[in-house]
Every structure is written in C-alpha cells, then in structure tokens.
Amino acid sequence: MTNASALPAVSVRNARKSFGDKVVLHDVSLQIMPGEVVSMIGPSGAGKSTLLRCMTLLDRFDSATFSYGDLVVCSPNEQGHAVYSPEGTQESHNRFGIVFQNYNLFPHFTVMQNITDAPIVVQGRSRDEVEAEARELLERVDLTEHANKVPCELSGGQQQRVAIARALAMNPDVIYFDEATSALDPKLTADMQRIIRELASNGMAVGIVTHEMGFAKLVSDRIAFLFDGEIAEEGPAEQVIDHPRDPRTQRFLSQAED
Amino acid sequence: MITMLAQGYVVSLLVFSLTLLGSIPLGIVVAHGRLSRFAPIRLITQLYISIIRGTPLMLQMFAVFFMPFYVFGIKTGAGFKFIACIIAFIINYTAYFAEIYRSGIQSMPKGQYEAAQVLGYSRSQTFFRIILPQVIKRILPAMGNEIITLVKDTSLAFSVGVAEMFTESKALVASQRTMVPFMIAAAIYWVTCLLIEFCLSRAEKKLGYYHD
Ligand SMILES: Nc1ncnc2c1ncn2[C@@H]1O[C@H](COP(=O)(O)OP(=O)(O)OP(=O)(O)O)[C@@H](O)[C@H]1O
Ligand SMILES: [Mg+2]
C-alpha cells in the first residue's frame with residue numbers, strides 16, 4: 001500500500017533534449033505524485049513546452065529515465081541515449097491526457113463523439129459503457145446540454161472543458177494542461193481551479209504549464225521554476241512564489257509583477 | 001436515334017463512374033506517396049503527376065491503347081479499347097485528384113495530428129477518422145470542378161473508338177444530315193452536369209454542420 005502510493009504517477013529523471021546545437025533541456029528531473037498538482041513556470045524559451053511535448057510523447061528526449069507509474073517509457077542505454085520501449089510508448093497513451101492550449105478538438109465530431117471516439121476505437125471499450133461514462137464526465141464539467149453540439153457552437157471556455165472530458169475519458173493517471181487559463185476570464189479561471197483541485201482530490205496527478213503566477217500559486221501543490229533548460233528551483237507553491245530562493249526565480253517573479 | 005444516343009449515354013456514364021471509382025481512392029494513395037518521407041517514392045509520384053498533368057489525355061489514351069502491341073507485341077481484342085480508355089482515364093484523374101488531396105492534407109493543422117497521437121490513435125485511424133473527413137470538406141469544391149470536367153472529358157473516349165454518347169451523336173449527324181443529335185447530346189451533358197452540381201451542393205450543405 002505505502003509502496004504503491006510512493007510511486008510517482010509520472011517520473012522524468014536526468015532529461016536532456018537539444019535541437020541541433022541548442023540544448024533546450026539540461027538534466028531536468030520532475031516527478032508528479034498521484035493527487036498532486038505541479039506547475040511549471042519560467043521565462044519564454046526556458047523549455048516548458050519542450051518538456052511537456054516530450055512528456056506527452058509528441059517529441060522525444062535525447063536522454064532520460066522516463067516512466068508512468070510502473071510503466072517504463074524510456075531509459076538511457078550505455079551511451080546515455082534514450083531508448084524508448086515500443087510497449088511503453090503504446091501503453092503510455094492510456095496513462096496520461098493533455099488539454100492543449102488551443103484544445104485541438106475534432107471539429108467534425110460532436111462533443112459526445114470527441115469524448116467517446118478514442119475510448120471506443122483506441123481502447124476497444126463498449127460504446128454503451130463509454131457513453132454512460134461520458135455523460136457523467138459532461139455533468140462534471142457542466143456541459144450536459146451540449147452533448148450533441150459540435151465544437152464550433154461552443155465558447156472557448158466550454159471547448160476547454162470538452163477537451164478536459166476528452167482527456168479524462170481515457171482514464172489517465174496524469175493530466176496535463178498547456179496554458180490552462182490564458183484564454184479564460186476570472187470566473188472561468190476560478191472554475192478551472194475548482195475542476196483541477198477536484199481532479200487532484202480524486203487521486204489524479206496534474207501537470208500545468210502556465211504564465212500566470214497567481215493561478216499557479218492558487219492551484220498548485222508544488223511549483224517547478226524552469227530557467228534555460230534547468231529546474232532552477234522547485235518547492236511548495238507558496239514558497240516558490242512568495243519566498244523564492246534562487247536569484248533567477250527572484251528576478252523573474254519581480255519582473256512578472258510589473 | 002434516341003436509343004442510339006441512350007446507348008451512348010450509358011457508355012459515357014460507365015466511363016465516368018468507373019473513372020471515379022478508380023481514381024478517387026487511388027488519388028489518396030498517390031497523395032500519400034507525394035507526401036512520403038521516403039524521397040524516391042516522393043520523386044516518382046511527383047514525376048508521374050507532372051507528366052500526366054503536362055500531356056494531353058488523348059495522347060495518354062493512345063499510349064495505353066497501343067502499349068500492349070508496340071511494346072509487348074501482344075494483339076489485343078476488340079474489347080480492349082474500352083479497357084484502355086478506362087485505364088487511361090483513371091491514370092489521368094488519379095494525378096489530378098492526388099494533387100487536390102495533397103493540398104487538403106497539407107492544409108490540416110498540426111494540432112489535429114497531435115491530439116490524435118496523444119489519444120493513441122494509430123496512423124491509419126488518425127487518417128481515416130480524423131484527417132480524411134475534414135480534408136473531404138475542404139477539397140469538395142475543387143473535386144467538384146474536376147468531376148464536372150470529367151463528364152465532358154468522357155467524350156474523348158471517342159478517339160480510341162469507344163462508342164460513347166459523343167461518338168454516337170457524331171455518327172447520327174453524319175447519317176441523318178441534321179444537327180439535332182448534337183443538340184440533344186449537348187443538352188444531356190449539360191443536364192448531367194447540373195445534376196452533379198446539385199449533388200455537390202447538397203454534399204457541401206451536409207458537411208456545413210461544422211466549421212473549424
Ligand atoms: N522544434 C524546434 N526546433 C528548434 N528549436 C526549438 C524547437 N522547439 C523549441 N525550440 C527552442 O527551444 C527553446 C525552448 O522552447 P520552448 O518552446 O520549450 O520554451 P517555453 O518555455 O515553452 O517558452 P514560452 O513560454 O515562450 O512558451 C527555445 O529556445 C526554442 O527556440
Ligand atoms: Mg511554450
């Protein structure tokens with residue numbers, strides 16, 4: 001029991017990534033425990049998106065020890081190059097979900113189809129079961145009456161909630177948000193905070209990339225501050241935001257205030 | 001007169017529908033070759049498309065028609081002209097359709113592929129469930145133009161002696177010394193195109209339930 005809960009939902013250790021000569025991730029390590037909300041903040045170009053893309057397998061680490069729970073996605077060989085296991089890569093899509101910055105909903109599918117298609121087609125689950133679950137998800141994100149609309153008929157905030165439901169329908173252990181609140185007004189940001197905290201209290205690991213320090217502080221348990229491809233500082237949300245220890249974090253936060 | 005034109009029309013429709021049946025799916029295959037990460041495949045399909053679009057369909061039809069005899073020394077039966085005609089039409093229209101598919105596929109935002117990949121869709125599932133349906137909506141007008149052109153291009157089958165509607169009407173004009181068969185044939189081509197345009201606009205409306 002203690003052993004199982006001590007296993008991070010996602011773990012990245014000693015991750016490196018370059019584009020050509022440019023080193024973008026430089027020995028980055030990050031873990032998210034079940035039920036924990038971790039935000040990644042940092043200046044533009046720090047490597048947040050790159051880290052997120054690698055963690056969602058849209059891109060690959062050059063080197064890393066990377067796993068979802070007990071599922072090893074990649075580990076370094078003797079030369080230190082990341083070797084991805086095909087099974088780990090395949091199975092990882094059942095372990096995480098992501099809400100993209102611009103949602104990337106499937107415009108030709110209804111809200112319901114957006115949520116149910118992958119569980120049915122990819123996971124091979126029965127349509128009845130998946131649709132019943134989707135209706136519960138829609139209720140949780142307050143979209144019940146929009147099930148049969150297509151995404152273009154919904155507002156941005158509603159589309160984002162469809163994207164959340166779509167990710168959750170795969171029953172992941174980890175859910176990522178890319179710029180969770182950049183397009184939302186204060187009311188929707190508050191809703192978002194509630195939804196994320198609710199997910200975490202149900203044991204979901206949540207990873208967030210954001211530019212909004214206020215939101216990060218409110219919603220996160222832990223914050224990792226990324227600077228030039230390194231995690232410059234990491235700790236409890238309030239500490240990193242209110243009492244940063246690293247001079248780079250201090251400078252970044254004082255600039256962010258004006 | 002009407003029965004002859006009607007028989008010709010049936011042949012024209014046969015050329016038309018067999019061509020579409022062959023080139024609409026083949027166009028997708030060639031478009032993928034054109035977008036392949038494998039350079040030789042990309043170059044071969046590019047060359048094929050370039051040659052087909054740069055030479056007359058009638059010449060292509062003759063090439064297919066005479067190829068078995070002059071290249072392989074095979075004597076072909078009387079039925080071959082129809083087969084040669086269909087093959088040439090399919091080869092020709094596949095090239096045009098492939099270019100339309102390619103532009104449609106390239107116009108798709110990367111985010112759609114990424115969303116599908118993250119959800120674990122395989123490459124073929126991504127293409128057939130997510131990409132192709134949206135591509136069809138985007139390319140429908142361009143495909144419509146080609147399909148309308150094909151209606152009229154079927155008359156080129158005349159050149160290898162396939163007795164389609166234009167062939168029949170020309171024979172009738174010669175034997176009966178009147179323009180009427182041409183006028184009837186023209187009317188039939190026109191109505192056929194109108195019918196197709198109607199179907200296309202219906203299809204466009206049906207796909208108009210969303211925009212992106
Ligand atoms: N595909 C790529 N090819 C080459 N360089 C890239 C690529 N993607 C990102 N980079 C570079 O990697 C660095 C990190 O970029 P990344 O997008 O991860 O930063 P970020 O922290 O997300 O910044 P922002 O806050 O502006 O979104 C930048 O210098 C960027 O120019
Ligand atoms: Mg970014």
Side-chain angles (χ1 to χ4, degrees), chain A residues 49 52-60 87-111 113-125 148-154 159 162-163 165-172 174-176 178, chain B residues 24-25 27-28 31-32 35-38 97 100-144 199-212:
Chain A
S49 298
L52 195 61
R53 286 181 64 80
C54 289
M55 289 171 86
T56 52
L57 287 106
L58 291 171
D59 211 331
R60 297 197 162 196
E87 309 82 59
T89 308
Q90 185 58 39
E91 173 59 19
S92 67
H93 296 293
N94 300 319
R95 304 291 182 101
F96 72 83
I98 176 170
V99 178
F100 292 96
Q101 180 167 12
N102 51 359
Y103 322 133
N104 294 337
L105 295 176
F106 302 130
H108 60 306
F109 282 169
T110 62
V111 167
Q113 288 170 319
N114 263 283
I115 297 168
T116 58
D117 197 65
I120 293 170
V121 173
V122 176
Q123 295 181 327
R125 294 166 55 200
N148 296 316
K149 292 190 179 165
V150 282
C152 64
E153 297 173 281
L154 304 180
Q159 289 187 22
V162 176
R166 179 174 74 172
L168 294 178
M170 299 292 280
N171 287 316
V174 185
I175 184 166
Y176 300 108
D178 192 2
Chain B
I24 285 181
I28 298 181
H32 274 94
L35 295 169
S36 170
R37 273 171 301 180
F38 190 52
F97 287 158
I100 295 174
Y101 282 122
R102 179 190 60 79
S103 68
I105 291 170
Q106 282 182 324
S107 76
M108 287 298 295
K110 217 171 76 216
Q112 292 290 300
Y113 288 95
E114 294 188 341
Q117 191 189 328
V118 161
L119 289 166
Y121 286 89
S122 69
R123 284 162 65 95
S124 72
Q125 284 169 339
T126 302
F127 183 73
F128 287 108
R129 301 191 70 77
I130 310 298
I131 304 301
L132 186 60
Q134 298 182 57
V135 165
I136 288 173
K137 178 181 162 100
R138 286 168 188 229
I139 66 175
L140 204 60
M143 288 295 263
C199 294
L200 285 167
S201 76
R202 281 277 298 265
E204 256 174 70
K205 273 213 191 81
K206 222 181 138 208
L207 290 177
Y209 73 90
Y210 74 92
H211 57 83
D212 38 37

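Throughout, a chain's letter reflects where its sequence line sits, starting with A, and its residues are numbered from 1.
Between B:Ile130 and B:Ala116, the closest heavy-atom pair is CG1-CB, 4.3 Å. Counting all heavy atoms, side chain and backbone alike, B:His32 lies closest to B:Ile105 at CE1-CD1, 4.5 Å. Taking every heavy atom of both residues into account, B:Ala142 and B:Ile100 meet most closely at O-CD1, 3.8 Å.
Ranked by heavy-atom pairs under 4.5 Å with chain B, the list A:Cys152, A:Ala167, A:Ala163 is led by A:Cys152.
Applying the side-chain contact (heavy atoms from CB on, under 4.5 Å) rule to B:Ile24 yields the partners B:Leu20, B:Phe97, B:Tyr101, B:Met143; only residues at least two apart in sequence or on another chain are considered. With sequence neighbours excluded, the residues that form a side-chain contact (heavy atoms from CB on, under 4.5 Å) with B:Ser36 are B:Phe38, B:Ile41.
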Give me a line-by-line list of donor-acceptor atom pairs from chain B to chain A that are under 3.5 Å apart, or tell me none exist.
unit_1   : atom_1 : unit_2   : atom_2 : d
B:Gly111 : O      : A:Asn104 : ND2    : 3.4
B:Gln112 : NE2    : A:Leu105 : O      : 2.8
B:Glu114 : OE1    : A:Arg53  : NH1    : 3.4
B:Glu114 : OE2    : A:Arg53  : NH1    : 2.8
B:Glu114 : OE2    : A:Arg53  : NH2    : 3.1
B:Gln117 : O      : A:His93  : ND1    : 3.2
B:Gln117 : NE2    : A:Leu57  : O      : 3.0
B:Val118 : O      : A:His93  : ND1    : 3.1
B:Tyr121 : OH     : A:Asp117 : OD2    : 2.6
B:Tyr121 : OH     : A:Ala118 : N      : 3.3
B:Arg129 : O      : A:His108 : NE2    : 2.8
B:Arg129 : NE     : A:Asp117 : OD1    : 3.2
B:Arg129 : NE     : A:Asp117 : OD2    : 2.9
B:Arg129 : NH2    : A:Asp117 : OD1    : 2.5
B:Gln134 : NE2    : A:His108 : ND1    : 3.4
B:Tyr209 : OH     : A:His108 : O      : 2.5

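Heavy atoms of A:Phe100 lying under 4.5 Å from chain B belong exclusively to its side chain.
A distance of 8.5 Å separates CG of A:Leu52 from CG of A:Leu58, quoted to the nearest 0.5 Å. For the atom pair CD1 of A:Ile98 and CD1 of A:Ile175, the computed distance is 9.0 Å after rounding to the nearest 0.5 Å.
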